[in-house]
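See below for the structure under consideration.
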Amino acid sequence: MRCHTEYLTFHTRKHREYVHITPQVDAILGRSGIKEGMALVSAMHITAGVYVNDNESGLIEDIDQWLEKLAPFRAEYRHHRTGEDNGDSHLKALLIHHEVILPVTAGKLDLGTWQRVFYAEFDGRRSKRVIVKVMGE
Ligand code: ZN
């Protein structure tokens with residue numbers, strides 16, 4: 001089995017942002033030369049995530065509102081006793097999860113018709129990284 005590893009860097013302008021990264025992951029897969037296996041895409045942070053879903057702007061707004069409803073910004077999180085103010089960002093990241101594994105078949109990401117890969121930023125305006133590790137033959 002071979003492995004090919006690259007890193008994506010994000011510095012979002014907004015505090016919360018959802019970035020479509022399927023083209024970047026596809027390009028890394030192409031450079032890997034791996035034809036059969038899988039690609040791990042994993043946020044290297046505790047206030048960001050990676051998910052698979054539709055690249056549709058209304059849905060992305062719905063996801064953002066749903067996360068804010070389930071894990072709203074509040075001043076009184078115990079985490080804020082550390083001097084931080086991003087308690088909601090940690091909770092939103094838990095809901096989305098931090099990584100996905102994508103199947104690779106015949107040298108392509110073997111995704112369903114509407115499946116796209118997204119980086120979800122919950123505490124942006126600073127540099128964050130995602131690791132992409134392609135494993136296979
Ligand atoms: Zn924090």
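When a ligand or atom number is given, it counts from 1 through the structure's own listing order. Side-chain atoms are counted along with the backbone in the values below, which use heavy atoms only and exclude waters and symmetry mates.
A donor-acceptor contact under 3.5 angstrom links the side chains of Thr105 and Asp110, judged on distance only. Between the side chains of Thr82 and His80, no donor-acceptor pair of N or O atoms lies under 3.5 Å. Using a 3.5 Å distance cut-off with no hydrogens or angles, the side chains of Glu99 and His97 do not pair a donor with an acceptor.
Only protein N, O or S atoms were considered, and those under 2.8 Å from the Zn ion (ligand 1) are His79 NE2, Glu84 OE1, Asn86 OD1, His90 NE2.
If you look at Tyr18 and Phe118, their ring centroids are not closer than 6.0 Å.
The cationic group of Arg129 lies under 6.0 Å from the six-membered ring centre of Tyr7 and within 45° of the ring axis, placing it in a cation-pi geometry.
One distance of note links CE of Met135 with SG of Cys3; it measures 6.0 Å at 0.5 Å rounding.
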